[in-house]
2 protein chains.
Amino acid sequence: MSQHRHPGAPGRAGAVPVLPDLPEATVARLPEYLRALHNLADAGHETVSSEGLSAAAGVNSAKLRKDLSHLGSYGTRGVGYDVALLIEQIEYVLGLTQRRAVALVGVGNLGHALAGYDGFASRGFRIAALLDADPSRVGEEINGLVVRHVDELPAVAAEESIAIGVIATPAGAAQRVADQLVAVGVTSILNFAPCVLSVPEGVDVRKVDLAIELQILSFHEHRKASLTALPATGGSALTALPGGLAATDTQEAIGT
Amino acid sequence: MSQHRHPGAPGRAGAVPVLPDLPEATVARLPEYLRALHNLADAGHETVSSEGLSAAAGVNSAKLRKDLSHLGSYGTRGVGYDVALLIEQIEYVLGLTQRRAVALVGVGNLGHALAGYDGFASRGFRIAALLDADPSRVGEEINGLVVRHVDELPAVAAEESIAIGVIATPAGAAQRVADQLVAVGVTSILNFAPCVLSVPEGVDVRKVDLAIELQILSFHEHRKASLTALPATGGSALTALPGGLAATDTQEAIGT
DNA sequence: AGGCGCTTGTGAAGACGTGCACAAATCGCG
DNA sequence: CGCGATTTGTGCACGTCTTCACAAGCGCCT
Ligand SMILES: NC(=O)c1ccc[n+]([C@@H]2O[C@H](COP(=O)([O-])OP(=O)(O)OC[C@H]3O[C@@H](n4cnc5c(N)ncnc54)[C@H](O)[C@@H]3O)[C@@H](O)[C@H]2O)c1
Ligand SMILES: NC(=O)c1ccc[n+]([C@@H]2O[C@H](COP(=O)([O-])OP(=O)(O)OC[C@H]3O[C@@H](n4cnc5c(N)ncnc54)[C@H](O)[C@@H]3O)[C@@H](O)[C@H]2O)c1
């Protein structure tokens, strides 16, 4: 029951007026598939099976097939997926056919690393502006971009449409920066500061918190330790803990 | 309905020999609660209601209560939770009562930022070693730590027990580094390189990929754009008078 | 002492995500 | 031209997560 559409011009051609309503979990995996596909393409593969791609992306193959089916995919039974076509499809769905402009606010310790990161450019984004509140940082040039004062945000937004704002300021300043970003029309924010941002409806915020990741790992470390410390209770279920332990978010080993 | 335990000695004293088997989703939120609780404690609050804490952590209050109930919490009906006690509880469960040693491998662009990050120390961790493969980086001193060669990893692990390994190398080197970490007994890895790591069972891997976060935001940006392009509501972002609830009604647009 | 208002802890229901297992579709080959 | 090998797409059952709604418990006030 899926519509047939032409691969060649997914964006503008006949239709695809509305994006398929993908499950959030699927959306979160598509970038992973995309990266794996690019690797495969670089390695010269023209097609790939769900089994092969799922292994490269570290997920279950049925899950991958279901994910791809959501976007009305173009697999060929008995053959697999056309790598180049699938890349085009996923990039279209993710909105990567246009190179989106990113404004980075807070050019400190972390901000410098982000500004110099080439993974931005190679994955569909372009740092359009570097902003900071510290006068001594304003004017500094990084990677061909000059750091501007954060109060120039409206001017920056007027020059070019900012798709995403990245916050790399201390936590205390993050909410104010978020407000400023929202005020100039930014509706997507990536926040590195360890705090909760409150934003109006319709604005998406994603958060990256290093300490949280470490603490989650610490929990599992703690639990592993407390398990191995247990005396060998001649009982039953306690010992193996086969599948139940595997955290959904973490990878597990597979034989490649 | 749970047993009463004395506030003074959580977990340590009588029992809690095995950690409660927490849902993974709960584990992922505990660090957020912990951060909010520290903020509240700094602000002088002695108790907090589930409503207040959930607001500070940005979650639903029922969810928070259920999360806390999983670890046999110590709320008082009609009053709320004792902030200091809850901090102690969560830190115990997360295994933060000991300051865990972190080895950071790859002291490049990103690695420098991480090495200089004080959020490590303030949230229960201690950078125990900086490692890199580039001879020209070995010997450099950052924040009082000297960068050592990655081949010294066994020696480093022998000096002190490494709880967590952080990989901040290029993707091409990440698998080899992971293997080296596993070889010296590390069972928890935080990976910043954009690639899938394969590790033996029992080793936890968490991944942080900036580009994936941006691409997820890009998807929502794309979808928002394709929605606002259709209906009559040409509204600009700032008119803060939406019709009430979010109403993710993506339906119907296909008709025309 | 007793009642009242507030807050926790949890049962239940539903939404969501996952993975198995298999029918349908396609290709290559004899 | 048909057959078998292969792989997709998906129905289904199961588990996990979320959220509502409310009884039970607690402290305070009268
Ligand atoms: N450094 C890391 O590795 C790391 C890791 C994870 C999270 N973080 C978080 O990222 C954020 C930045 O960390 P950092 O180490 O780069 O801190 P930093 O102090 O080195 O840099 C912060 C920068 O933000 C600027 N700033 C402050 N207020 C501002 C405002 N209102 N508008 C614009 N710019 C403003 C400062 O001038 C400074 O340049 C912090 O919230 C930190 O917790 C950092
Ligand atoms: N810079 C960022 O903001 C950023 C953001 C997200 C993800 N990442 C990822 O983090 C990783 C590091 O990024 P970067 O910008 O710091 O790169 P970088 O090239 O600046 O640093 C990489 C470092 O790793 C070292 N290294 C290489 N091979 C090694 C090995 N086998 N053992 C030990 N060390 C080794 C190199 O000597 C270098 O110092 C990359 O995978 C990148 O994709 C970076």
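Each chain gets a letter, A, B and so on, in the order the sequences are listed, and its residues count up from 1.
Of the candidate nucleotides dG17(C), dT10(C), dC17(D), dG17(C) has the atom lying nearest to any side-chain atom of Glu24(A). Taking the side chain of Ser49(B) as heavy atoms from C-beta on, and the options dT18(D), dG19(C), dT8(C), the nearest nucleotide is dT8(C). Listed nucleotides dG27(D), dT8(D), dT19(D) differ in distance to Asn60(B); the shortest reach to its side chain belongs to dT19(D). Among dC17(D), dT8(C), dC20(C), the nucleotide with an atom closest to any side-chain atom of Ala62(A) is dC20(C). When distances are taken from the side chain of Arg29(B) to each of dT18(D), dC22(D), dG17(C), the shortest belongs to dT18(D).
For dT19(D), its base sits under 3.5 Å from the side chain of Lys66(B) at one donor and acceptor pair at least. Contact of Arg77(B) with dT8(C) (side chain to base): a donor-acceptor pair of N or O atoms is detected under 3.5 Å.
For Lys207(B) and Glu32(A), the salt-bridge test passes: some basic side-chain N is under 4.0 Å from an acidic carboxylate O. Salt-bridge formation is not detected for the pair Asp204(B)/Arg223(A): no Lys NZ or Arg NE/NH1/NH2 atom is positioned less than 4.0 Å from an Asp or Glu carboxylate oxygen.
Separation of atoms OG (Ser218(A)) and CD1 (Ile212(A)) is listed at 13.5 Å; rounding is to 0.5 Å.
Distance, Leu64(B) CG to dT7(C) C1': 12 Å, rounded to whole Å. Put simply, CG on Leu53(B) is 12 Å from P on dG9(C), counting in whole angstrom units. In this structure, Asp67(B) atom CG and dC17(D) atom P are separated by 10 Å, rounded to whole Å. Atom-to-atom, OH of Tyr74(A) to P of dT8(D) comes out at 17 Å; the value is rounded to the nearest Å.
For dC26(D), neither phosphate oxygen OP1 nor OP2 lies less than 4.0 angstrom from any side-chain nitrogen or oxygen of Thr76(B).
Residue Ala25(B) is in sugar-phosphate contact alone, with no base atom involved, counting any heavy-atom pair closer than 4.0 Å across all strands shown.
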